[in-house]
Amino acid sequence: MKVLVLAGPESSGKSWLGAEIQAHFGGELVGEYVRDFIDEQQRDTCYADIPAIARGQLAREDAARLRRPPLLILDTHLLSNILWSRTLFGACPDWLEPALLARHYDLHLLLSPENVPWIGDGQRCQPDLTQRQAFFGASRDWLQRHGQPTCIIDGDWASRRATVLTTVQRLLDGKAADCATEC
């Protein structure tokens with residue numbers, strides 16, 4: 001089983017690319033739990049919600065891992081929970097980072113916020129590009145600091161799709177990521 005994570009700021013194409021990857025290669029796509037949590041709660045999240053959101057994301061990931069699909073595509077993982085908690089509340093539950101580091105991920109596709117428009121959807125809160133760039137930078141820094149296999153994806157929608165499909169094919173073929181902007 002290959003485990004692929006789509007990471008990065010909001011409105012950078014994670015959900016769309018996850019669906020494109022699944023349509024092209026099959027496998028199982030695990031969505032972002034916090035979106036369902038917000039829809040269910042009908043309110044903005046607060047710091048006290050972070051553990052429940054993280055446990056919900058982990059439960060989805062764990063259930064999919066038990067099914068052992070050849071390709072597991074994660075729309076996000078705990079890094080997003082960690083960074084959003086720090087961004088919105090200035091703190092993060094201590095157990096999230098060790099829980100994330102205890103798991104194996106074959107490749108992170110880190111999506112740049114540049115060259116694609118921000119699209120509001122009622123849950124997104126960073127229309128300013130500089131905010132999304134800061135989130136991207138924090139994601140990149142964390143992934144680099146912890147030696148996580150990462151390929152940065154940028155460009156317009158068409159070039160993102162092409163780069164991602166080529167990169168995932170290489171992953172499935174057992175080859176190293178081949179991105180000019182690889183971390």
Side-chain angles (χ1 to χ4, degrees), residues 1-36 38-39 56-58 60-61 63-65 67 69-84 100 103-127 129 131-144 148-183:
M1 175 174 67
K2 296 291 184 182
V3 183
L4 176 71
V5 180
L6 293 149
E10 63 183 28
S11 202
S12 58
K14 294 183 298 292
S15 298
W16 170 69
L17 284 167
E20 291 290 308
I21 294 165
Q22 184 183 38
H24 193 82
F25 296 104
E28 185 168 346
L29 175 60
V30 175
E32 188 176 13
Y33 177 77
V34 70
R35 292 188 153 279
D36 295 333
I38 291 170
D39 286 344
Q57 190 67 46
L58 287 175
R60 285 185 176 185
E61 179 182 328
R65 283 179 182 266
R67 291 187 286 275
L71 177 62
L72 177 55
I73 308 154
L74 303 176
D75 185 323
T76 193
H77 66 5
L78 287 186
L79 179 57
S80 181
N81 299 126
I82 292 167
L83 296 179
W84 273 113
L100 177 57
R103 293 161 178 269
H104 172 77
Y105 301 99
D106 292 290
L107 182 62
H108 294 79
L109 299 177
L110 178 57
L111 304 173
S112 168
E114 297 181 16
N115 301 310
V116 293
W118 183 82
I119 301 167
D121 67 359
Q123 291 188 3
R124 294 178 177 150
C125 64
Q126 291 188 324
L129 178 59
Q131 293 173 311
R132 295 190 316 279
Q133 288 169 324
F135 193 94
F136 172 83
S139 300
R140 182 194 59 227
D141 294 348
W142 191 94
L143 292 166
Q144 286 178 336
Q148 298 295 306
T150 304
C151 185
I152 295 175
I153 306 297
D154 58 13
D156 64 14
W157 296 122
S159 66
R160 284 171 195 249
R161 182 182 184 279
T163 301
V164 163
L165 294 181
T166 299
T167 302
V168 172
Q169 185 63 63
R170 290 184 61 79
L171 174 68
L172 295 173
D173 290 345
K175 300 176 184 172
D178 187 23
C179 296
T181 54
E182 186 175 2
C183 295

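Positions are given from 1, in the same order as the sequence printed here. Only a predicted model underlies this, so the values are computations on that prediction, with no experimental measurement involved.
Ile73 and Gly26 get closest at one heavy-atom pair: CD1-O, 3.8 Å. Taking all atoms of both residues into account, the shortest heavy-atom contact from Ser12 to Leu111 is OG-CB, 3.5 Å. Listed here is the closest heavy atom pair of Gly8 and Ser139: CA-OG, 4.3 Å. Between Asp106 and Val3, the closest heavy-atom pair is OD2-N, 2.7 Å. A pairwise comparison of heavy atoms in Arg160 and Val116 identifies NE-CG1, 3.4 Å as the closest pair. Here the closest non-hydrogen pair linking Ser112 and Asp154 is CB-CB, 3.7 Å.
Between His77 and Tyr105, the ring-plane angle classifies as perpendicular under the 30° and 60° cut-offs.
Taking the charged nitrogens against the carboxylate oxygens, Arg103 and Glu61 do have a contact shorter than 4.0 Å, which makes a salt bridge. Ion pairing between a basic and an acidic side chain is recognised when a charged N comes within 4.0 Å of a carboxylate O; Arg67 and Glu28 show such pairing. Taking 4.0 Å as the cut-off between side-chain N and carboxylate O, Asp75 and Arg60 do not count as a salt-bridged pair.
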Would Cys151 and His108 satisfy side chain to side chain contact (heavy atoms under 4.5 Å, CB included), going step by step from the backbone distance to the final call?
CA-CA 6 Å; Cys151 185; His108 294 79; over 6 Å; no
Asp141 vs Gln144, side chain to side chain contact (heavy atoms under 4.5 Å, CB included): CA-CA, chis, key distance, verdict:
CA-CA 5 Å; Asp141 294 348; Gln144 286 178 336; 4.2 Å; yes
Residues Val5, Leu109; criterion side chain to side chain contact (heavy atoms under 4.5 Å, CB included); working and verdict
CA-CA 6 Å; Val5 180; Leu109 299 177; over 6 Å; no
Please walk me through it: do Leu74 and Leu72 pass side chain to side chain contact (heavy atoms under 4.5 Å, CB included)?
CA-CA 6 Å; Leu74 303 176; Leu72 177 55; 3.9 Å; yes
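Thr150 places a side-chain N or O within 3.5 Å of a backbone atom of Gln148 that can act as its donor or acceptor partner. Under the 3.5 Å distance criterion, the side-chain polar atoms of Asp173 are left unmatched by any main-chain donor or acceptor of Lys175.
Rounding to the nearest 0.5 angstrom, the gap separating the CZ atom in Arg65 from the CG atom in Leu58 is 9.5 Å. Taking OG of Ser15 as the reference point, atom CD of Glu10 lies at 11.5 Å (rounded to 0.5 Å). Separating the CD1 atom in Ile82 from the CG atom in Leu78 is a distance of 6.0 Å, to the nearest 0.5 Å. Interatomic distance, Leu110 CG to Ile153 CD1, rounded to the nearest 0.5 Å: 8.5 Å.
Side-chain contact between Leu100 and Trp142 is present, with at least one heavy-atom pair separated by less than 4.5 Å. Looking at Phe136 and Glu114, their side chains never come closer than 4.5 Å, going by heavy atoms from C-beta outward. Inter-residue side-chain proximity for Gln57 and Thr76 is flagged as met; some heavy-atom pair is nearer than 4.5 Å. For the pair Val168 and Leu172, the minimum side-chain heavy-atom distance is below 4.5 Å. Residues Ser80 and Glu32 are in side-chain contact: their nearest non-hydrogen atoms beyond the backbone lie under 4.5 Å apart.
Figure legend: cation-pi geometry between Arg170 and Phe25 absent, as NZ or CZ is not positioned both under 6.0 Å from the six-membered ring centre and within 45° of its axis.
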